[in-house]
Amino acid sequence: MPPGCMRSALLPREFYDRDPVRVARALLGCLLLRRARAGLAGGRIVETEAYLADGDPACHASRGRTRKNASMFGRPGTAYVYAIHSRWCFNVVTEPEGRASAVLVRAIEPLAGLPLMQARRAARQAGRDDAALPARDLARGPARLCEALAIDRRLDGWDLTRGTRLWISADDGPRPAAIATSARIGVTSGGELPLRFYWAGSPFVSR
DNA sequence: CTGAGGATAGTCT
DNA sequence: GACTATCCTCAGA
């Protein structure tokens with residue numbers, strides 16, 4: 001861990017209690033951390049996407065509450081983890097409880113627990129080459145990120161402000177010199193809204 | 001009970 | 001850029 005991590009501060013609930021676009025931008029540069037029995041792993045958030053409570057068909061809560069998206073309706077700072085094609089995606093709930101907006105964390109720059117992340121990622125690809133994956137490929141993309149950090153449905157609904165198991169900290173390390181914007185990746189409904197944000201120039205961004 | 005669909009990623013052209 | 005494996009949830013009958 002770089003020195004900056006030592007002075008990192010757990011993000012309070014108020015951080016998440018605002019519109020998802022602001023949260024998505026503010027999360028760039030923050031540290032996503034995961035502690036499990038196997039050890040600590042995590043890194044710097046470099047890519048996010050916002051999903052809006054109003055007028056956003058791509059938002060999972062747009063057609064009301066179901067068992068699957070229930071945690072989206074929870075307090076700001078709650079984790080929303082869902083599966084697509086047998087892979088996991090990790091979101092942070094934003095705005096006051098019941099609004100059901102969120103930010104999808106799409107990629108991190110791995111900083112802590114690289115061997116652990118490599119082992120987790122290699123496990124799925126068992127049978128392929130034995131070479132360890134480069135840091136760049138450990139957590140580039142939402143499903144890869146969850147695999148590297150061992151995030152699955154057991155963490156759906158987890159309170160990120162607790163500061164255990166899975167949490168996010170501010171960091172006084174580098175901040176993005178520029179935040180790039182684009183349409184969200186893979187969304188079939190919701191148009192071309194510029195709701196994807198990423199650290200311009202970072203090699204750890206997906207695509 | 002059945003079928004459609006999905007905020008992916010790996011592979012091929 | 002296109003194709004698709006693969007599986008869980010949900011809506012509809």
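Proteins get letters first, then strands, A, B, ... in listed order; numbering begins at 1 in each.
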Discussion item. Using whole Å, what does the distance between atom C1' of nucleotide B:dT8 and atom CD1 of A:I151 come to?
Written reply: 16 Å

Worksheet item: Out of B:dA7, C:dC10, B:dA9, which nucleotide sits closest to the side chain of A:K68?
Response: C:dC10

Worksheet item: So, is A:R140 near the phosphate of B:dA9, with a side-chain N or O under 4.0 Å from OP1 or OP2?
Response: no

Discussion item. Measure OH/A:Y80 against C1'/B:dG6 and give the value in whole Å, please.
Written reply: 11 Å

Discussion item. Can you tell me which nucleotide in C:dA11, B:dG6, C:dT6 comes closest to the side chain of A:I84?
Written reply: B:dG6

Worksheet item: Salt bridge check: are A:D137 and A:R121 linked by an N-O gap of less than 4.0 Å?
Response: no

Worksheet item: Is there a side-chain polar atom (N or O) of A:R153 under 4.0 Å from OP1 or OP2 of C:dT9?
Response: yes

Discussion item. In this structure, how many angstroms lie between the P atom of B:dA9 and the CH2 atom of A:W88, rounded?
Written reply: 14 Å

Worksheet item: So with a 6.0 Å cut-off around CZ of A:R13, is the heavy-atom count from everything else above 12?
Response: yes

Discussion item. Among B:dG6, C:dA11, B:dA7, which nucleotide has an atom closest to any side-chain atom of A:T66?
Written reply: C:dA11

Discussion item. Given 3.5 Å as the limit, does a donor-acceptor pair link the side chain of A:D171 with the main chain of A:L31, or not?
Written reply: no

Discussion item. Using a 4.0 Å heavy-atom cut-off, does A:A143 contact any base of the nucleic acid, only the sugar-phosphate backbone, or nothing at all?
Written reply: sugar-phosphate

Worksheet item: Can you tell me how far C1' of B:dG6 sits from CD of A:E49, to the nearest Å?
Response: 14 Å

Worksheet item: Mind checking who C:dG1 pairs with, Watson-Crick or G-U wobble, both distances under 3.5 Å?
Response: B:dC12

Worksheet entry | Integer-rounded Å distance: C:dT9 P and A:H60 NE2 | 13 Å

Fill in: Proximal nucleotide (of B:dA7, B:dT8, C:dC7) relative to the A:Y82 side chain
B:dA7

Discussion item. Expressed as a whole number of angstroms, how long is the span from A:Y51:OH to B:dA7:C1'?
Written reply: 4 Å

Discussion item. With clusters defined by side-chain heavy atoms of hydrophobic residues (ILVMFWY) lying less than 4.5 Å apart, directly or transitively, does A:L32 cluster with A:I179?
Written reply: yes

Worksheet entry | Whole-Å distance separating the CZ atom of A:R65 from the P atom of C:dC10 | 12 Å

Donor-acceptor pairs under 3.5 angstrom involving side-chain atoms of residues 46-54 of chain A: please list them, not counting sequence neighbours.
unit_1 : atom_1 : unit_2 : atom_2 : d
A:E47  : OE1    : A:S206 : N      : 2.8
A:E47  : OE1    : A:S206 : OG     : 3.0
A:E47  : OE2    : A:R106 : NE     : 2.8
A:E47  : OE2    : A:R196 : NE     : 2.8
A:E47  : OE2    : A:R196 : NH2    : 3.2
A:E47  : OE2    : A:S206 : OG     : 2.9
A:T48  : OG1    : A:A24  : O      : 2.9
A:E49  : OE1    : A:Y51  : OH     : 2.7
A:E49  : OE2    : A:I185 : N      : 2.9
A:D54  : OD2    : A:R99  : NH1    : 3.0
A:D54  : OD2    : A:R99  : NH2    : 3.1

Fill in: Between B:dG6 (C1') and A:R63 (CZ): distance, integer Å
11 Å

Worksheet item: Counting side-chain heavy atoms from C-beta on, which of C:dC7, C:dC8, B:dT8 comes nearest to A:R106?
Response: B:dT8

Worksheet item: Under 4.0 Å between a side-chain N or O of A:H85 and OP1 or OP2 of C:dT4?
Response: no

